[in-house]
Novice: 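Structure in C-alpha cells, see below.
Residue numbering restarts at 1 for every chain, and letters A, B, ... go by the order of the sequence lines. Being a predicted model, the structure only gives us computed values, none of them experimental.
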Protein chains: 2
Amino acid sequence: MKQQTKISEAVVRRLPLYLQALNELSRGEVQTVSSQALGRKLDLNPAQIRKDLAYFGEFGRKGIGYDVSYLISKIRHILKLDRGINVALVGAGNLGQALCNYNRYSRDNMKIVAVFDDHPDKIGMHINTMRVQPMEELKATVEALQIRIGIITVPAAAAQKVADQLADAGIEGILNFAPAILKVPPSVRVHHADFTTELLSLAYYLEKDADHDDDKVVD
Amino acid sequence: MKQQTKISEAVVRRLPLYLQALNELSRGEVQTVSSQALGRKLDLNPAQIRKDLAYFGEFGRKGIGYDVSYLISKIRHILKLDRGINVALVGAGNLGQALCNYNRYSRDNMKIVAVFDDHPDKIGMHINTMRVQPMEELKATVEALQIRIGIITVPAAAAQKVADQLADAGIEGILNFAPAILKVPPSVRVHHADFTTELLSLAYYLEKDADHDDDKVVD
DNA sequence: TAGATTGTTAATCGATTAACAATC
DNA sequence: TAGATTGTTAATCGATTAACAATC
C-alpha cells in the first residue's frame, strides 16, 4: 500500500473512466483485460493506465493482465464507492429535475436523496419520490440523512449563497453546474460541471468559415 | 497575429472562462481589468492569463490592463462566436429537454435549433418552439439550418450510432453527455461532458469514514 | 517622474510516454 | 520454454510560474 505519495487530480479523474470501461467489460462477461486493451477502449496510453493503477497497489498479473471484477472492486474502494454516498441537490429547475431522474449514479452507490429550492412554486413539488424542500430544512436534512455531497443547479447569481449554505451544513464536496467560481472553506472540495465551457471551446475548433464551401466556392 | 504556434487545449478551454468573468465585469460596468484582478476572480495565475491571451495578440496596455469590452470582443472572435452557431440536440429525454430550455448559450451566439429522437413517444413533442424530429430528418435539417455542432444526450448504448449519424450529416463538433468513448472521423471534434466522472471523482476526496464523528467518537 | 502592468523569456514543475527487467 | 504483460525507472514532453525589461 502506497497512498503516501499525493495522487494527482489527473489520475483521480481517470479512475471513474476506468470504472466505466470495466463495468462495460464485466457486463460483456469479459474476465480479464490488459492495459493495452483498456487503453484502446478509452483512447489512453497503456503505460499511463498501468502507472495510474500502480499508485494504489499491484492489481494486475504479469503476462495475464487485470481481473475485471477484482479491479472494479478495487477502484470502487479507492473512490470510496463501496459504501453508499448520499447526495443533496439544490435547484429544482429543468437541469436539477433532469439530474434527479437520471439516476445512473445509483449504480455507483451515489444517490440523490434530497432536493431543495428557494422558490415557493417549487417547494412541495415532487420529483421521483422526493419532495422539494425549502432551504431552511437543508442543514437538518443533511445531518439526518448523512448527506456528504451537494449538487448546485441554481442560476449563477445564487450559486455562492447556496455554496455557503452547503458548507455550513457540513457538506464535504460540491458539484457545481452554475457558471460561477465558488469560494468555499478548505474542508469543502468543489468540482466544476459547467458544460458551457466545453460547448464554447468546441466552437474554437470549427472550420474558419461558417460557410462549409470554403475551398470550393463557385460563384 | 501569431496563430502559427498550435494552441494547446488547456489554453482554449480557459478562454470561455475568461469570457464568463469578463461578461460579469462588463455587466458591473467595469471598464478595465488587470491580469491580477482577473486571476483572483478565476483562481488562476496572472502570468498564465497574460500568456494565454498573448498567444492571440497584444490585447492589453502596459501599466493599465485590459479593456473589458475590447477583450470580450477579441475572445468572442477567437472562439468564432462572433457569428451565430447553430446546434442540434439528439436525445429528447430529461437531460436533453433541460438543455434545450436552459438557453444560456444563446447569449454567446450558440443556439439549439433542432431536436431529434428515435422514440415514437418523443417524436412530434414540443420543446420550447421546437418539434422533436425523427432521426431520418437529421441530415436534411443539418444542411438546411447550417447546423455545425451536435449535442448527444442519448443513453450510452445508443451514443456511437448517433455520433455516426451526426458525422455523416456533416457536423463538425460533438458535445457528448453519454458515458461512452466515441469513435469519429478526424474531421469531427468530440468534447466530453459526462458529469458522472466529476461526481464519482469527488467521492475520492471525501473523508475516509462515512461517519463524520471520526475523531470525536463517544460511545 | 513613480507606480502599475503588460508581453515574453527563462526556470520550474508535473505529467505522459518509452523502455525493460521481472514473472506469469 | 516462448509469449505476454505487469510494475517501475528513466526520458521526454508540455504546461505553469517566476522574473523582468518595456512602456503606459
Novice: Do A:Asn101 and A:Asn128 come within less than 4.5 Å of each other through their side chains, counting heavy atoms only?
Specialist: yes
Novice: For nucleotides 3-6 of chain C, which of its nitrogen or oxygen atoms have a protein nitrogen or oxygen under 3.5 Å away, and what is each distance?
Specialist:
| unit_1 | atom_1 | unit_2 | atom_2 | d |
| --- | --- | --- | --- | --- |
| C:dT5 | O4' | B:Gly63 | N | 3.2 |
| C:dT5 | O2 | B:Gly63 | N | 3.1 |
| C:dT6 | OP1 | B:Ser35 | N | 2.6 |
| C:dT6 | OP2 | B:Ser35 | OG | 2.7 |

Novice: Please assess B:Leu53 against B:Leu71 for the test side-chain contact (heavy atoms from CB on, under 4.5 Å), listing each intermediate value before the final yes or no.
Specialist: CA-CA 9 Å; B:Leu53 296 174; B:Leu71 191 52; 4.0 Å; yes
Novice: Hey, mind stepping through A:Asp194 and B:Gln20 against side-chain contact (heavy atoms from CB on, under 4.5 Å) and telling me if it holds?
Specialist: CA-CA 11 Å; A:Asp194 176 24; B:Gln20 186 188 105; 3.5 Å; yes
Novice: How close or far is atom C1' of C:dA15 from atom CZ of A:Arg13, stated in whole angstroms?
Specialist: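 The distance from CZ of A:Arg13 to C1' of C:dA15 comes to 14 Å, rounded to the nearest Å.
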Novice: Choose from D:dT17, D:dG7, C:dA15 the nucleotide whose nearest atom is closest to any side-chain atom of A:Ser8.
Specialist: C:dA15
Novice: Hey, are the side chains of B:Leu17 and A:Thr197 touching, using non-hydrogen atoms and a 4.5 Å cut-off?
Specialist: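 They are in contact (side-chain heavy atoms under 4.5 Å apart), so the answer is yes.
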Novice: Decide yes or no on side-chain contact (heavy atoms from CB on, under 4.5 Å) for A:Asp168 and A:Asp164, but give the supporting numbers first.
Specialist: CA-CA 6 Å; A:Asp168 180 58; A:Asp164 294 343; over 6 Å; no
Novice: Near DNA chain D, counting only heavy atoms under 4.0 Å, which residues of residues 40-49 of chain B show up?
Specialist: B:Asn45, B:Ala47, B:Gln48
Novice: What's the NZ-C1' distance between B:Lys51 and D:dT17, to the nearest Å?
Specialist: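 To the nearest whole Å, that distance equals 10 Å.
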Novice: Does the side-chain contact (heavy atoms from CB on, under 4.5 Å) test come out yes or no for B:Tyr18 and B:Val33, once each step is laid out?
Specialist: CA-CA 11 Å; B:Tyr18 299 155; B:Val33 70; over 6 Å; no
Novice: B:Leu53 CG to C:dG7 P: how many Å, rounded?
Specialist: 7 Å
Novice: Check the surroundings of atom NZ in A:Lys161: do more than 12 heavy atoms from other residues, nucleotides or ligands lie under 6.0 Å from it?
Specialist: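 It does not: A:Lys161 NZ has 12 such atoms or fewer within range.
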Novice: Do B:Lys183 and B:Gln160 have side chains that approach each other closer than 4.5 Å (heavy atoms only, starting at C-beta)?
Specialist: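 Yes, their side chains come closer than 4.5 Å.
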Novice: Hunt down any stem DNA chain D takes part in, defined as 3 or more consecutive Watson-Crick or G-U pairs whose two distances are each under 3.5 Å.
Specialist: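 Counting only runs of 3 or more consecutive pairs, the stems involving DNA chain D are C:3-24 with D:3-24.
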Novice: Side chains of A:Gln97 and B:Asn94: closer than 4.5 Å at any heavy-atom pair?
Specialist: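 They are not in contact (no side-chain heavy atoms under 4.5 Å apart), so the answer is no.
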Novice: Tell me whether B:Gln36 at atom CD has more than 12 heavy atoms from other residues, nucleotides or ligands lying less than 6.0 Å away.
Specialist: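 Count not over threshold, so no.
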